[in-house]
Amino acid sequence: MYSTLQRLNHISSLATTYVMILLGLISIASFLSLPSVDVGKVEIKDLIVQKGRLRRWGARQEELASLKFDIRTDLNPLLNSYNTKQLFVYLTASYEEQNTGNAHEVVLWDRIIQRAEIRDIRAVGNKVPKTKSGRKGRGNVRVEEVKNKYQWRNPSGTFKDVEYANMTLHYSLMPYVGVLSSGVAATAQGPVTIPPLVKR
């Protein structure tokens with residue numbers, strides 16, 4: 001006869017095995033049934049290049065680009081998935097230097113969207129309204145006149161050899177169980193021309 005401790009150990013091992021199998025099935029099912037997202041729109045309102053310094057000690061003066069932009073996209077299919085924990089959305093600028101051929105991709109703005117706050121995200125400027133308890137929306141992202149959150153600089157210190165950049169809003173989906181997945185949520189209509197340096 002088995003002792004009580006041995007029986008409890010057997011039951012817990014069996015339960016753990018079943019739970020791991022269940023989690024594996026959920027992970028596979030979620031990955032295979034990952035919903036698609038209609039690509040939204042990124043509109044660049046204002047893009048200027050001017051001299052400035054990074055906010056760090058010993059930073060030298062160089063060319064920095066700043067911009068304002070609008071984003072409209074619908075992330076409802078992703079947020080309504082039962083296995084979605086949170087979304088990480090971020091705007092990138094990808095470009096290439098003409099003289100060297102070096103390609104760069106920089107993050108200009110980002111935001112984390114928790115599943116607990118499934119709602120419409122609307123913002124004007126850098127002000128995002130606080131979530132009201134119990135309020136749910138449709139998962140639309142609509143931001144207007146937002147400035148880049150991170151400073152945009154070129155490794156060479158100048159943008160004179162950069163003709164244009166492609167603006168793309170990406171998303172990374174973090175599930176409760178399973179692997180991370182990513183995709184494109186919105187794009188600008190065509191390349192964005194980099195303007196010449198504004199001299200003060």
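- Using a cut-off of 4.0 Å between Lys/Arg side-chain N and Asp/Glu carboxylate O, Arg53 and Glu62 are scored as not salt-bridged.
- Lys45 and Glu144 are not joined by a salt bridge, as no carboxylate oxygen comes within less than 4.0 angstrom of a charged side-chain nitrogen.
- Under a hydrophobic-cluster definition in which Ile, Leu, Val, Met, Phe, Trp and Tyr are linked whenever side-chain heavy atoms come within less than 4.5 Å, directly or via other members, Val107 and Ile112 are assigned to the same cluster.
- Relative ring orientation between Trp152 and Phe159 is described as perpendicular, the plane-to-plane angle rising above 60° on a 0-90° scale split at 30° and 60°.
- Within 6.0 Å of CD in Gln189 there are 12 or fewer heavy atoms belonging to other residues, nucleotides or ligands.
- Defined by atom type and a distance below 3.5 Å, a donor-acceptor pair is missing between the side-chain atoms of Gln50 and Glu63.
- Under the 4.5 Å side-chain heavy-atom criterion for grouping Ile, Leu, Val, Met, Phe, Trp and Tyr, Phe88 is connected to Tyr150 within one hydrophobic cluster.
- The aromatic rings of Trp109 and Phe69 lie perpendicular to each other, with more than 60° between the two planes, well past the 30° mark.
- Counting only N and O atoms by type, the side chains of His170 and Ser182 include no donor and acceptor under 3.5 Å apart.
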* To do: Before giving the answer on side-chain contact (heavy atoms from CB on, under 4.5 Å), spell out for Val198 and Val49 the whole-Å C-alpha distance, their side-chain angles and the decisive distance to 0.1 Å.
  => CA-CA 6 Å; Val198 176; Val49 178; 5.9 Å; no

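- Hydrophobic clustering places Val37 together with Leu173 (ILVMFWY residues linked when any side-chain heavy atoms are closer than 4.5 Å, directly or through intermediates).
- Heavy atoms of other residues, nucleotides or ligands lying less than 6.0 angstrom from CG of Asp46 number more than 12.
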